[in-house]
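Letters A, B, ... mirror the listed sequences (proteins, then strands); counts begin at 1.
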Amino acid sequence: MNIKKQILILISILSFISCDSFLEEKVYSSMTPLNFYKTEADAEAALNSVYNAMLSQNGWGRQVWLAAELPGEAAWPNNSGEAWRTEMDQYTWTTSSTGFPQIWGQLYKMISRANTVLQNIEQVTFTTTGVKEQIVGETKFLRGMAYLYLIRFFDHIPLMTENNMEDINPTNVGTDDDVWQLIIDDFSYAKSVLKAKNTGDDIGRATAGAAQAMLAKAYLTMGGKPWNKTENWEKAAKEAKEIMTNTAYGYNLWDDYDKVFLLENEHGPEYIFSLECESQMSCGRDFPTFTGIRNGDQIKLGGWSSLTVNENFFNSMSETDKRRSRTFVLSYYGYAHPENLYTYPGNITIPHFNKFIDMTDVNATATADYAMNIPIIRYSDVLLTQSEAENEANGPSIAAVEGINIVRARAGLEPLTPDDFTKETLRDTILQERIWEFCEEGQAYFDLKRMDAISKRMTAIGITTAEKHYVFPIPQDEIDVNPNLVQNEAYK
Amino acid sequence: MKKNYESGIGICQIPKKLLRIMKLTVFLLIVFTVHVSATVYSQNTKLSLNLQNSSVKYVLEQIEAQTKCRFIYSNESINMDRKVNLHVENKTVKDILDVLFSDAGIKYVITNKNLILINPLDKNELTDFSTQTLQQQNRTLKGRVTDSQGQPLPGVTVVVKGTTTGAITDSEGKYSLPQVPGDATLLFSFMGMRSQEITVSGKTSISIAMKEESIGLEEVIAIGYGTVKKSDLTGSVSSIKAEDLQKLPVTSFDQAIQGRAAGVQVTQASSAPGGKVLIRVRGGNSLSSSNEPLYVVDGYPISAGTSAGGSGAGQNPLATLNTSDISSIEILKDASATAIYGARGANGVVLITTKRGQIGKTQVTFDGYSGIQQIANKLDMMNAREFAELVNEARTNDGLGVAFPNSSDLYNFPDPTSLGEGVDYQDEIFRSAPIHSYNLGISGGNESVRYAFGGSYFGQTGIVEGTDFNRASFRTNIDSKISDKLTVSTNLTASHVWSNIGFSEGDGGNNAGVVNSAILMPPTVPVKQADGSYTLMNPTPGGSTIQNPVPIAKLATNYQEIDRILGSVFATWKIINDLSFKVTFGTDMSSANRSVYWPTETVIGYNANGSASQSNRKMASYLNENILTYDRSIGNHSFNVTGGFTWQTFHNSFFSAAATNFPTDVYGADNMDAGTTYSMPNSEKEKSQLASLLGRINYIYKGRYYLTLTGRADGSSKFGANNKWAFFPSVATAWRISEEDFMNPYSVISNLKLRASYGKTGNQDIANYQSLARMGTMNYSFNGMLNSGVGPNNIPNPDLKWETTSTTDVGIDLGAFENRLTMVVDYYYKKTTDLLWNISTPQTIGFSSIFKNIGSIENKGLEVSIGGDIFAGKFNWNSQVNWSRNRNKVLDIPGYTPSTQGSLSGHLKVNGSWLEPGMPVGVWNLLKYDGVFQDQAQLEAGPRSSTNDKLGAARFVDKNKDGAINYTDDRMIVGDPNPDFIFCWSNSFEYRGFDLTVYMQGSYGNDIINVQRAETNVSGPWGNQRREILNRWTATNTNTDVSRARVTVDPLLLQSSWLIEDGSYLRVKTITLGYTFTKLKFTNSLRLYVTGQNLITLTDYTGFDPEVNSQGNSNLQMGVDYNAYPAAKALIFGVSTSF
């Protein structure tokens, strides 16, 4: 073989591979937008990713719930865990407190996923009629809910929709009306297309009733502080009343408050919309662990005592209130050692919440794997919304005590008589009723803010507050990276 | 004398004066090849030379380059720099030499080994010598010279010291010297071996084994895609010999690198059998990408390897390779050396060359050792009574009732006065553990086939109950010469690893690391309850949920098996004389299976009613390389040009499944369908590709001036569509000053070389698919059923590309006193740009960050290695010192706000390091602990961290002087895990067959964040406490810096310098004492030895071991000690022999 021949062979060996296609990345076990958003099943999976955003520990899985609960007077963090919890409890938060960017980020993540569904849904081929409306309706419900929480926490927020998803530095100046309009539109659309009641495998999805309850909540919020758009009180009252009279929804209170929070009743007539948790499928949460008693042999995997009850709040609830034994841990027999009796007061040192403790919730394999659902809105909230809105719109009346008296009746409390009240005293009474009814459920901050009651109620328990505490600061991390965001006035 | 001369193996004409000089200078300056035996070669081989105005030396070099002849001469005896003109066509070597030396009065002798001895004939001196020697009582002396493996060493020069009498050993290593005075001294010398002087003392037979010289300039070392003589190196390369590796009882070779190479920091991330080792070559270049060097085994670049599942600090993938198979390790450090590996070269490259067969008699070697290991250092914890008293004191301080005794549970909470030592949970899980290793090697070959086979077993039982590591492996390397132009070779190693990983490491929290539990579990807690069942959890009120480590260590299963095959076949085709082409095909395939079972005696098993999982990972890479090499010398110019094309693909797939709720524990994880509840299965598959073009030119002018140009273009699938290809160039120059004429007067300097290099290398070691838009699994449940969800997971970045590191290196190589003293000094500056970092984005777009090339970081440092044969002769003492320092600094990350990087413990809320431009990576920004409020005056003076602060509460430095302690405002840099310098000192001594090696290494000026202190030094019932806490503040013990007892842990304590300790240490890593028998009939050599490992450590560090890095690979979290598997000290006995 001569040298020329040899070199020819060499060159042909070297050149048999072409590099361009060789360096393409082939994806196997994950999806990319290129091979997704094609079928009905894809659209449903995309919708489920929006629901999934709620489950995160930065979402309703913990921080959203804590951000709304800790500033209230019922709960305190028992000097445990992140510094942020104490800051929320003691009203010492700053623009850099760690929880704010977490809830901000998670709620916008939920909005982003919803926008992705809405943006891509047109390229999906639907084979069944009505499925598209159902998916869009649920998506808008979830987006509306994320915005409703964001605007209640932060007041002035950027508006991200499927049309401006690429805008990475959106502003929060002058967006308030548009955000509110989107919230109203999203809930209204969802109310118009979703089913009154889900059955079978759809149980747990958003319904028309859930959308209407959230719509009532949105109007109620707009009527109160800081928006003070009083024309919305009537609308809130109307929506709430419609829910109470719409038999297709089938909402009702359990006769016994004890039954409300049981695992077996989590899809009963009282939970309108909840965070759905399930054990052993990476969809569980740690609410029972979080509020359970440390070394208390109270639940299967042990508690942390990380969200406990203020002693004066414990004392504020009448001993005759039928909610007392479900709201607070009064006594129980040990989980592993049933021969041991635990009581408060007694061998339990500080008062604990009891709502999310259910000894039948036993399939969890880890502390964050409990199946206990967490209610986001339940029927008694609609009832109290009706009373509050009616009172704000028209003052004390038979109509204004209708809702609250249903709630009080179940609690074993005397019904209210409108003549005993002024608008202000009835407002205070409704607030007090809400605190007893919804403590531990992540409502407190919104109620205190809307009813302009932070300074009054906090001063009463020895915590100093200022006007700025009626809104959370825009997270400093966000201001740092987005030149178009403006900090809320009180925090500048 | 005349007879010797005529026989052609003597060098008796060398004058006495010259011999005296030769003691101080290198005697032989030529590579000696032992396997050529063409007796009439030099007479028959014809060659042509056309050289104008060339030195004699250069002519001889050209003859050496073209023939198998090798010259032996002395610079002082003949003028090698004499310029000649030579033009010959088709002449024999003899003819050419006749022409060359005809006028100069120089004679030469051609031996039957193609050795050509050159010397001037000085008749006067010869006469004088003859007269003198005749006057003495002389006799004939015989002997045999072997290498350290007992193989005969032909060609060794044996000279009677102070005379011109000499001989050269024959092919069996034998020599014979007539007329040797009884009081003479013999000088044995051989290129690449340490010269030896032996006194005759009346003996008639002297046989010796020669030792390889530690730093031989003529030694050939591996560089990427080729080899080079050490003297011709232009880059910064550290070389480690097999000899150094085999003296240590290590699981994997990377452990043995520690301290052997300046600038290379080796840290044991986990001392678990087969545990992970971290290697940083000249500091960390990357924040988010890997900082591990590239490993290249016999030319095959291997990926990190496989480890199914994952467990704590992880298993070391390199532990699948057998250290005894390795003949040398080269660590390429500067850009000139690593640029040939382009996008994978930035973190340095470790080249591993395994043993190959040599022509000659078949050689069989056996090495084995056996030993025992024990925990090097147990922690001093409180006993039961001390702990119970602390708990009661804490509760009393906080206004609670005492916990001991508890009348309703006296079994767990008896009266403190009735308690004694209690349970020592460390003793419950630590044990003495054996370690074994056996290696058998067979090698040999002839002209056409050379072979090396090896088989080995390594078994190490862990000092923590329930852990072990076993490896069996074999290797075959075969080289077949098919024709003069074609050689085909194979490398194949296959190994099987089986290992109980156990659950030794890991966070307290929800995990169940037994090391953590064994320290924290209070001694008051009985191992078993009254009914005979294991205690599950720590029942102490206010305590951490510590799981009982005993049933976990003894009964839970965490077992892993790995099979790995690393093999390649390559053909070398000599196209023409100077041009060869090498094609390689190879693969690295491994699969790992991990099975886990938690029986019902453990907390996890109890909760799940038995919990099993199995996971499988399979990884494979396939490689093709096509390399052309052109090697040519023309006149004073010599070139070596390498170029080629390579491609490699990487495959990775994973599968796992889990089940719970078992009717019985007997199946373990082997019958998962017996579980009644199944968890979601999990699987994934990935692939990536790398294509490269590479080239290098080595140019040498006059053997003194060196220039190396290297470049590699890499295309990687991992990077964005807009940045698939990148080019990495480097340039290096060197000047061998010692070869210059003007250096001749300074004969004490045997080698002096200046080196300088600059180049760019890359780091592409990130996860696959980072540039693409990826969808994630985001499920949700409805009505108790799982519904699959899919949503976008990241912001795509089509511009994503390599991190680029530019390195400047300046170095000096110095050798003095015949290279008995050597020194290498290097200074380097590295700047990494296009740093891959998850930079924050406004979260309003749904993602908090985007993975981008942004930011820069620098590392600069100094490395010094000094080695010396302090004594050589009958008593040998060789000493080697390495010292290196590295300074690391983040330069710039545009758009980044300095922040704390992650968390070291989620449940303890201990923060990770602080990252800020201008500072080194890894520093800790925490409160500064300032003792306790010892008295009322101090308490009133403040600053307090809380209005509730009491006497004896922890006090912190008020940085902003506002009178109050606030974490955000008062924190400061309180620690730095980067050492000021690291060093190692090894000494080996030899005397009459005995050898002693003492190897010390250490680190100075580095801090450790001892996260364990966040649990064991908190003065409360959280878990058992260190005995230092006995000195806590009480009303009667106020002069202390340990805070008062309290039930809840002060959270600021865990975010303060209370956790930081000085991690400096000096450790006697190994001491080995051996004895070699040379005169045994049945073996060539037999060495017995005993080694002690980790026997002495000097440190102020209070944890298990200062050599720790719990966070494994993360460059952001260095110097973290959190439940690391404790180090063991070991004593082993070994034997190595060859037949």
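- Contact of the A:Met281 side chain with the B:Tyr780 side chain is not registered, since no non-hydrogen atoms from C-beta on lie closer than 4.5 Å.
- Looking at A:Pro475, neither its backbone nor its side chain comes within 4.5 Å of chain B, counting heavy atoms on both sides.
- Atoms CG and CG, on B:Asn787 and A:Asp201 in that order, are 7.5 Å from each other to the nearest 0.5 Å.
- By number of non-hydrogen pairs under 4.5 angstrom with chain A, the leading residue of B:Glu684, B:Gln689, B:Lys909, B:Gln1055 is B:Gln689.
- In this structure the side chain of A:Asn295 never reaches within 4.5 angstrom of the side chain of B:Met537, judged on heavy atoms.
- Contact annotation for B:Ser848: neither backbone nor side-chain heavy atoms come within less than 4.5 Å of a heavy atom of chain A.
- A distance of 12.0 Å separates CG of A:Asn48 from OG1 of B:Thr777, quoted to the nearest 0.5 Å.
- Counting heavy-atom pairs closer than 4.5 Å to chain B, the top-ranked of the candidates A:Met165, A:Glu266, A:Glu276, A:Arg294 is A:Glu276.
- Using a 4.5 Å cut-off between heavy atoms, B:Asn793 does not touch chain A at all.
- When B:Leu690, B:Asn609, B:Asn661 are compared by the number of non-hydrogen pairs under 4.5 Å with chain A, B:Leu690 comes out ahead.
- Proximity to chain B is limited to the backbone of A:Asp167, based on heavy atoms less than 4.5 angstrom apart.
- In this structure, chain B has heavy atoms under 4.5 Å from both the backbone and the side chain of A:Leu275.
- With respect to chain B, the highest number of heavy-atom pairs below 4.5 Å among A:Pro101, A:Pro170, A:Ala53, A:Ser49 belongs to A:Ser49.
- Chain A forms more heavy-atom pairs under 4.5 Å with one residue of B:Gly784, B:Pro796, B:Gly791, B:Ser653 than with any other, namely B:Gly784.
- Across B:Thr844, B:Asn607, B:Leu786, the residue that shares the most heavy-atom pairs under 4.5 angstrom with chain A is B:Thr844.
- When the candidates B:Gly715, B:Ser679, B:Ser408 are compared by the number of heavy-atom contacts under 4.5 Å with chain A, B:Gly715 comes out ahead.
- To the nearest 0.5 Å, atom OH of residue B:Tyr606 and atom NZ of residue A:Lys300 are 9.0 Å apart.
- Here the side chains of A:Thr349 and B:Leu400 are in contact, with some heavy-atom distance below 4.5 Å.
- Residue A:Met160 touches chain B through its side chain alone, counting heavy-atom pairs closer than 4.5 Å.
- Only the side chain of A:Phe36 comes within contact range of chain B, judged by heavy atoms closer than 4.5 Å.
- Between chain A and the residues B:Lys724, B:Glu686, B:Met778, the largest count of heavy-atom pairs under 4.5 Å involves B:Met778.
- Between B:Phe782 and A:Tyr51, the ring planes are perpendicular. Angles over 60° get that label, and only those under 30° would be called parallel.
- With rounding to the nearest 0.5 Å, the separation of CD1 in A:Ile111 from CD in B:Gln843 is 12.0 Å.
- Both the backbone and the side chain of A:Arg205 come within contact range of chain B, judged by heavy atoms closer than 4.5 Å.
- Distance CD1/A:Ile168 to CD1/B:Ile845: 5.0 Å, rounded to 0.5 Å.
- Only the side chain of A:Glu478 comes within contact range of chain B, with heavy atoms under 4.5 Å apart.
- For B:Thr540, the part sitting under 4.5 Å from any heavy atom of chain A is the backbone (N, CA, C, O) and nothing else.
- Neither the backbone nor the side chain of B:Ser899 comes within less than 4.5 Å of any heavy atom of chain A.
- For A:Ser274, the part lying under 4.5 angstrom from a heavy atom of chain B is the backbone only.
- Heavy-atom pairs under 4.5 Å with chain B were tallied for A:Tyr108, A:Trp104, A:Tyr37; the largest tally goes to A:Tyr108.
- When heavy atoms are compared at a cutoff of 4.5 Å, A:Met110 does not approach chain B at all.
- Under the 3.5 Å distance criterion, the side-chain polar atoms of A:Gln280 are left unmatched by any main-chain donor or acceptor of B:Tyr678.
- Rounding to the nearest 0.5 Å places OG of B:Ser781 at 10.0 Å from CG of A:Asn52.
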